[in-house]
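Just so you know, these numbers come straight off a predicted model, no measurement behind them.
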Protein chains: 2
Amino acid sequence: MGRRSDHSRAELREIIISEGHRQMQEVGFARFSAREVAKRIGYSIGTVYNVFGSHDGLILAINGRTLELWLGYLEARLNLVEPGGDRLARAIDAYFEFAIANRHAWAALYDFRLPNDVEPPDHYRERVAAIVAAVEREVAAVLAAPRKSEALKLTRSLLATVHGHCFFALNGTFRMLGETDPLAAARARVDDALEGYR
Amino acid sequence: MGRRSDHSRAELREIIISEGHRQMQEVGFARFSAREVAKRIGYSIGTVYNVFGSHDGLILAINGRTLELWLGYLEARLNLVEPGGDRLARAIDAYFEFAIANRHAWAALYDFRLPNDVEPPDHYRERVAAIVAAVEREVAAVLAAPRKSEALKLTRSLLATVHGHCFFALNGTFRMLGETDPLAAARARVDDALEGYR
DNA sequence: ACTTTTTTATGATCAGTGTTCAATATAGCG
DNA sequence: CGCTATATTGAACACTGATCATAAAAAAGT
């Protein structure tokens, strides 16, 4: 067969990413298959490789989509906070809620590792940066004026803290250790950290 | 062929785990292959399945070995701390040092996920518990007497905190975000948390 | 309208994987 | 020494990521 132009290149990209993301969320990183995605959208495996170049390229695009959705969720959640509400606590909630509602797609963000000598593509870096920036705004809002310059450094560390708790919550470590309220623990650690910066 | 009894069952287990662990550390979880392990030890793939039942069984055994080594490293490190030294800070160092020195084997601990309805085997749970207990001792030693009963709960949360920092350090997230001293950040978060418990 | 060129989609093909299991070779027992 | 229980094998199966000559369709040229 030759070019069908049922879909433009951009449409095709979108179709593959969309179905790929659905697949990822359904079966998880370990069982994800590019061939299966091709089958489901009615294109051949070769077409997927034409568009994304490699398995890794496809996964990066799917993970990029997950980051987009994550940022969207975080912003929507923050928009619901009434004036005077604890916006940072709600951001932590959003971290957990998104990860739980999108277990497999979220986990794929960390299951996939680029070869050590390869940098993630710009679109990917930008999306991560956007999420960090959204959190940084909330962290900065809570810091005492003379310490606001430390907001980014602190934000990175708080994200790692929350990530650790969320990861242990989802991968079963906390259940194994008898912890029943990981979210509360994460909030407590963030509060502890902010104590000295107020 | 039939039984060669070059090695007893226990010896065979050890040979496979040992070579499997080496493989895991060399190529990482994504490229790990049971067939390759079999090839390298001069047994057939069937034998590996006889001994471990499945790919997952083999990986659990290898990850169990990693946990063993990790506990050993942690204990050795703590034994070097002179009286009056900051034992908890050295435990955090040990977390990072082991993960860095054993990147792939350490990452495999988290890359591998059991099906949701399957519990990890006892030997695995026990090894995780042993590591937690070793850290808990150090946490308890630092707590004010009336709060020592909270040691386990706090330990779980501190482990998650350190894990998050270590994970971001090794998977490139911190580099991407411009953080150059993840270990210091982890220590700072732990100190912040302990502040209220002293 | 009819070539010619360029682009795009295909799927057979290759090398690899996890997994199964009938066939077989051996160790140890009677 | 023969027999049986058991350990070991590797071919077979169904899948995977990846490649690329082939063919079809669109676009450009005449």
Sole residue of A:Asn102, A:Ile62, A:Thr66 in side chain to side chain contact (heavy atoms under 4.5 Å, CB included) with A:Gln25: A:Asn102
Spacing of [X] atom [atom1] relative to [N] atom [atom2], expressed in whole Å:
X: B:Arg9; N: C:dT26; atom1: CZ; atom2: P; result: 18 Å
X: A:Phe29; N: D:dT16; atom1: CZ; atom2: P; result: 15 Å
X: A:Asp6; N: C:dT7; atom1: CG; atom2: C1'; result: 15 Å
X: B:Lys39; N: D:dT9; atom1: NZ; atom2: P; result: 14 Å
X: B:Ile41; N: D:dT8; atom1: CD1; atom2: C1'; result: 12 Å
X: B:Glu36; N: C:dT17; atom1: CD; atom2: P; result: 7 Å
X: B:Phe32; N: C:dT19; atom1: CZ; atom2: P; result: 11 Å
X: A:Leu12; N: D:dA26; atom1: CG; atom2: P; result: 15 Å

Ring geometry between A:Tyr110 and B:Phe167 (parallel below 30°, tilted from 30 to 60°, perpendicular above 60°): perpendicular
Candidate list A:Arg147, A:Lys148, A:Lys153, test side-chain hydrogen bond (donor to acceptor under 3.5 Å, both in side chains), partner A:Glu150, passing option: A:Arg147
Near-strand residues of residues 46-61 of chain B, defined as heavy-atom separation under 4.0 angstrom from DNA chain C: B:Tyr49, B:Ser54, B:His55
All N/O donor-acceptor pairs, side-chain side in residues 31-39 of chain B, below 3.5 Å, sequence neighbours left out:
from	atom 1	to	atom 2	distance (Å)
B:Ser33	OG	B:Arg35	N	3.3
B:Ser33	OG	B:Glu36	N	3.0
B:Glu36	OE2	B:Arg40	NE	3.1

Sub-6.0 Å ring centroid separation between B:His163 and A:Phe168: yes
A:Arg189 CZ to A:Asp192 CG distance, which is reported to the nearest 0.5 Å: 4.5 Å
OP1 or OP2 of C:dT17 under 4.0 Å from side-chain N/O of B:Ser33: yes
Any pair counted as salt bridge (Lys or Arg N to Asp or Glu O under 4.0 Å), so long as it reaches residues 160-178 of chain B, sequence neighbours left out: A:Glu119-B:Arg175
Which residues share a side chain to side chain contact (heavy atoms under 4.5 Å, CB included) with A:Leu69, sequence neighbours left out: A:His21, A:Arg65, A:Phe98
Under 3.5 Å donor-acceptor pair, B:Arg35 side-chain atoms to C:dT19 base atoms: yes
Shortest side-chain distance from B:Ile45, nucleotide among C:dT19, D:dT8, C:dT10: C:dT19
Stems formed with participation of DNA chain C [Watson-Crick or G-U wobble, under 3.5 Å, three or more pairs]: C:1-30 with D:1-30
With sequence neighbours excluded, residues passing side-chain hydrogen bond (donor to acceptor under 3.5 Å, both in side chains) with A:Thr173: A:Asn171
